[in-house]
Amino acid sequence: MTYQALYRQWRPQTFAELVGQEHVARTLQNALQQGRLAHAYLFCGPRGTGKTSAAKILAKAVNCEQNPTREPCNQCPACVGVQAGRVMDVLEIDAASNRGIDEIRELREKTRYAPVEVRCKVYIIDEVHMLTAEAFNALLKTLEEPPPQVLFILATTEPHKLPATIISRCQRLDFHLLSLDEIVTRLRKVVSTVGRECSEQALLLVAEEAAGGLRDALSLLEQVLSYTSTAVTEEDVLTVLGAVSRDVFHDLTDAVVNQNLSRALLLLQDVASAGKEFHHFTQQAIVYYRNLMVSLACEKDGATLGIAEEWASRLYDQAQRLGLGEIGRILSILHELLAEVRWSARPRLLWELAVFRMFGYDGTCQVAPPQPQATLSATARQTVGQPEKPVKLPMGTNEPVLVKEVSPDFDADQNIAQLWPRLLEQVKKESVKTHALLLSGELGSFNGKVLEIHFSSQFHCDMMEDEHKKAISKVFQRLAGVQPQIRCFLQGQATPQDSVEKDPHELIHSAVEIFRGQIIDESDKQ
Amino acid sequence: MRKDRQLLDTTRLTREINTGTRRPVYLFCGQEDFLLEEALASLGEFLLPQGLADTSCSRVSGMDTTLDAVLDMVDTVSLFGQSRLIVVTAAPYFSKGNRLEKDTVKRLLSYQQNENTDSCVVFCAPDTVHSLKLVKELTATGAVYHFDPLKATALLAWLQEQVALREKKASTSVLQLFLNRAGHDLRNLASELDKLTTYLGAQKEIDEDSILAVTVRGAQADIFALIDAVVYGKTSVAMALLKDLLVMGEPPLRVLSMVVRQFRLLGEAKERLATGEQNLAAALSIHPYAAEKLIAQARRIDDARITRAVALLLRCELDIKQGRIEPVLAMETLVVALGINVTSIS
């Protein structure tokens with residue numbers, strides 16, 4: 001067991017080596033030098049940001065023979081002893097496995113004794129949020145007024161799980177996620193020290209994947225270094241991650257923007273033939289579109305995204321071309337896809353269907369007359385089976401026509417008129433009462449979401465209660481595949497436009513729907 | 001000045017201690033227990049001889065001690081020193097619905113006039129009713145000290161004092177920034193200030209950068225800033241804040257519920273402001289400092305925006321709970337959507 005993992009070899013030994021946490025280092029160093037150390041510290045921060053390392057450095061520094069000092073010397077017996085874990089007075093406790101009250105009681109007992117080997121007793125309690133509530137309470141009193149010569153360092157990734165009473169007794173220091181640059185600089189140094197070569201793109205990718213945690217970055221780097229024996233390229237990193245290059249998503253999105261369906265399907269084919277897993281691919285796609293959304297909303301703020309500058313601006317360009325509404329639409333398609341793709345035997349087919357939807361062929365094609373449907377399925381078959389063929393088709397004429405034919409505004413009304421008699425017939429089977437009511441009404445309009453029915457008398461209009469609406473909506477779904485909202489209006493009365501958006505009581509309706517409630521009394525107190 | 005009104009009793013006590021004035025009876029009331037504890041500590045330092053603080057000071061809880069028993073204790077002579085300090089925490093004698101025997105009241109009042117006593121009793125009664133006859137009489141002699149939660153101006157004044165104590169300097173705008181980040185809990189503010197002092201070292205002036213580097217934002221303050229950013233249409237800032245919150249391990253649903261709460265408060269605040277409500281903090285039972293910030297936000301946002309926000313929040317919660325969307329992404333989408341509403345309007 002002579003080999004040590006990279007992140008252990010590269011654990012910082014002095015405050016100066018602590019990457020990306022200058023504020024913590026400076027606070028602790030000043031405290032050491034001025035003798036203003038708090039009796040208890042709480043180190044909070046995401047994993048791999050240097051909490052335990054900082055705690056160990058602090059333990060060395062307070063006990064270093066050159067104290068007061070800004071850095072541990074790492075040479076005196078005390079420093080060396082603490083480093084090797086030989087000093088009895090510096091205890092590192094894993095609170096995840098010693099979480100009970102008994103362990104804490106024992107710890108409390110021991111704090112009373114003076115340190116044996118070094119100047120100051122240091123208790124490093126890692127993962128402190130795992131302590132039980134009783135254990136926390138047992139710790140409280142000791143933490144409030146620990147005996148002199150005792151220093152507590154609590155470290156946790158989840159400070160919100162600690163009781164407020166614990167937090168208020170400690171000096172809290174927050175560790176931040178490392179920036180992309182900081183990680184890359186560190187990785188570059190590691191790579192050159194171990195005498196290997198690594199392309200800049202590969203390093204960036206490793207750093208992005210680590211999302212601000214240096215330990216994750218070093219672990220991944222180690223994997224990649226052992227995967228290949230030559231210089232590390234971006235490809236190698238992607239292979240180790242089992243991921244697809246971001247270029248694929250960029251191209252896919254470009255294809256959506258340019259309405260180039262065949263290009264999109266070809267890209268899918270590439271992914272499939274490269275043996276990538278579609279579930280992971282979907283997750284990556286979601287991350288990509290999420291980045292597009294954030295980049296557009298935050299106006300190209302690379303730091304928020306945590307990705308390289310160059311990509312941040314490429315994303316921003318693309319996001320601007322796509323628009324926020326479109327990004328949101330594609331994201332919701334991808335979300336539905338993600339739920340299905342994991343359990344599906346044919347994930348590629350699902351993806352292809354999702355791509356169709358991204359291109360604008362959505363649920364309404366089922367309502368469309370047989371002709372465009374046939375065209376659509378024919379295209380689908382062709383593209384799935386022989387991806388080359390559609391490439392030869394004249395793009396400009398083919399796709400836009402298709403889109404137009406199935407777009408809801410264009411043909412919904414016309415179809416609905418054809419559908420109406422069948423709807424009446426089916427409703428009659430379902431409920432005679434509803435059918436009778438419906439006979440006195442007339443078909444209004446249908447915009448893909450809301451079906452409007454006009455009545456000549458107020459009486460009938462009022463009679464259309466929820467149960468009838470539900471029945472109609474159900475039958476409608478059976479016939480057309482869409483479950484619409486049903487609205488009734490008195491004939492001659494102006495119908496509110498865009499009724500979905502403008503309904504003042506929409507919230508109330510949805511509350512009633514969600515909680516299965518009932519409106520008992522309506523009154524406006526104002 | 002407002003500062004005087006709110007910190008009046010703290011300064012009065014300090015002045016009395018400096019001039020060596022002592023009283024047999026003190027009544028500390030108000031909800032700000034940090035100020036109260038500090039006052040107790042300085043009183044203890046003043047009254048008790050060095051080294052005898054442990055033996056001459058007794059702390060009893062008012063919950064399980066009657067006023068008579070307390071007065072009996074007062075009459076007992078201290079074992080070693082001349083002075084004796086009795087602290088009664090959570091004293092219920094001065095609150096609503098607590099009936100005292102006439103004799104006991106008389107006894108307390110006569111004791112309070114006794115100038116030759118060595119003992120001194122401090123009642124800590126957070127919910128004192130000032131209309132009680134006994135309290136009125138104590139107030140007349142100056143034995144009642146108020147420690148109420150500080151409003152913005154007084155809070156700033158208090159902070160300036162603390163900064164000066166630590167031999168640092170800071171401008172008002174910098175202190176405001178500090179308050180925005182560290183919240184308004186005095187205990188937390190004091191400990192954050194200690195940390196800041198250590199961080200600065202020899203540097204005298206507190207600057208913005210050091211505050212941004214060192215101070216820890218509470219989740220509540222973060223949510224507040226998040227809503228602020230959303231209200232003013234700074235989506236980029238809002239996204240960064242959201243990321244911070246989630247990185248620190250806050251569960252997305254909790255963040256969502258805090259955002260919901262903030263918007264609900266905002267709506268309620270608007271409504272109440274419209275009806276001419278004066279004391280918003282009491283009406284909504286929130287901290288006065290938070291109430292002042294809320295008013296500023298409420299002035300910036302119109303009803304339509306709040307309604308739209310509520311609809312978005314509802315949809316977001318439903319989406320998460322029905323498993324339609326991954327929670328972190330849902331929150332991000334929500335923040336973007338909330339921001340968009342604003343930019344498209346303003």
Side-chain angles (χ1 to χ4, degrees), chain A residues 22-24 26-31 33-34 36-38 42 44-46 129 156-161 164 167-174 176-177 211-212 283 286-287 289-290 293-294 296-301 303-306 324 327-328 331-332 335-336 338-339 504 506-507 510-511 514, chain B residues 185 187-188 190-192 194-203 209-210 212-219 234-240 242-251 254 271 274-275 307 310-311 314-315 317-319 323-326 328-330 332-333 335-337 339-340 343:
Chain A
E22 282 71 28
H23 61 291
V24 174
R26 182 169 159 191
T27 312
L28 292 178
Q29 286 183 318
N30 280 345
Q33 203 166 35
Q34 301 164 1
R36 300 175 55 126
L37 276 178
L42 176 61
C44 312
H129 61 271
T156 180
T157 46
E158 293 174 67
H160 62 96
K161 285 191 178 164
I167 296 181
S168 73
R169 282 166 172 79
C170 304
Q171 192 171 101
R172 174 173 168 178
L173 292 170
D174 274 12
H176 306 319
L177 283 177
Q283 282 173 326
I286 290 181
V287 171
Y289 277 94
R290 176 253 173 205
M293 177 184 79
V294 175
L296 193 57
C298 300
E299 278 152 26
K300 194 170 75 178
D301 194 350
T304 321
L305 290 172
L324 208 51
I327 296 174
L331 258 177
S332 65
H335 260 110
E336 281 170 35
L338 184 68
E506 196 199 343
L507 276 181
S510 29
I514 295 159
Chain B
D185 178 48
R187 190 166 283 125
N188 185 37
S191 106
E192 286 290 314
D194 277 336
K195 188 166 74 184
L196 196 57
T197 317
T198 320
Y199 173 78
L200 288 171
Q203 188 184 329
D209 290 343
S210 47
L212 294 179
V214 186
T215 47
V216 175
R217 273 178 316 212
K234 294 183 214 146
T235 309
S236 175
V237 179
M239 288 303 279
L242 179 69
K243 190 179 162 197
D244 283 356
L245 272 168
L246 296 176
V247 156
M248 282 321 266
E250 286 290 336
R254 184 142 87 197
E271 201 79 345
T275 58
T307 317
V310 170
L314 177 70
R315 197 176 314 148
E317 181 160 347
L318 281 175
D319 282 351
R324 271 204 285 266
I325 184 168
E326 194 256 332
V328 173
L329 188 67
E332 284 172 343
T333 322
V335 168
V336 170
I340 296 249
T343 37

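Lettering of chains follows the sequences in order, A, B, ..., and the numbering in each one begins at 1. Computed from a predicted structure; not experimentally measured. Excluded from the calculations below are hydrogen atoms, water molecules and symmetry mates; all remaining heavy atoms, backbone and side chain alike, are included.
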Check: Nearest 0.5 Å, what's the CG-OG1 distance between Asp194(B) and Thr27(A)?
Finding: 12.0 Å
Checklist line | Approximate separation, where rounding is to 0.5 Å, of Asp174(A) CG and Lys195(B) NZ | finding: 6.5 Å
Checklist line | Structural part of Ala339(A) lying under 4.5 Å from a heavy atom of chain B | finding: neither
Checklist line | Heavy-atom pair of closest approach, residues Val247(B) and Pro46(A) | finding: CG1-CG, 3.1 Å
Check: Do Val328(B) and Arg290(A) touch side chain to side chain, with heavy atoms closer than 4.5 Å?
Finding: no
Margin query: Quick check: closest heavy atoms across Cys298(A) and Ser236(B), and the distance to 0.1 Å?
Written below: SG-CA, 3.6 Å
Next item on the list: Count the heavy-atom pairs under 4.5 Å between each of Val214(B), Thr215(B), Leu329(B), Asn188(B) and chain A, then report the option with the highest count.
Entry: Leu329(B)
Notebook entry, point to check: If you count heavy-atom pairs under 4.5 Å between each of His129(A), Gln34(A), Gln29(A) and chain B, which one has the most?
Noted result: Gln34(A)
Checklist line | Region of Leu314(B) that comes under 4.5 Å of a non-hydrogen atom in chain A | finding: side chain
Notebook entry, point to check: What part of Leu324(A) gets closer than 4.5 Å to chain B, counting heavy atoms only: side chain, backbone, both or neither?
Noted result: side chain
Next item on the list: Quick one: which of Leu200(B), Thr307(B), Val310(B) has the most heavy-atom pairs under 4.5 Å with chain A, could you say?
Entry: Leu200(B)
Margin query: Are the side chains of His160(A) and Pro251(B) in contact, using a 4.5 Å heavy-atom criterion?
Written below: yes
Item checked: When His23(A), Arg26(A), Gln33(A) are compared by non-hydrogen pairs under 4.5 Å with chain B, the top option -> Arg26(A)
Notebook entry, point to check: Which atoms of Ile286(A) come close to chain B, meaning under 4.5 Å heavy atom to heavy atom: side chain ones, backbone ones, both, or neither?
Noted result: side chain
Note to self: Quick one, Arg36(A) and Thr197(B) - any side-chain contact, counting heavy atoms below 4.5 Å?
What the structure shows: yes
Check: At what distance, to the nearest 0.5 angstrom, does CG of Leu338(A) lie from CD1 of Ile325(B)?
Finding: 11.0 Å
Notebook entry, point to check: Would Asp319(B) and His335(A) count as a side-chain contact (heavy atoms from CB on, under 4.5 Å) if you check the C-alpha gap in whole Å, the side-chain angles of each, and the deciding distance to 0.1 Å?
Noted result: CA-CA 11 Å; Asp319(B) 282 351; His335(A) 260 110; over 6 Å; no
Item checked: Heavy-atom proximity to chain A below 4.5 Å, by part of Leu318(B) -> side chain
Check: Out of curiosity, Gln283(A) CD to Glu326(B) CD, how far, rounded to the nearest 0.5 Å?
Finding: 9.0 Å
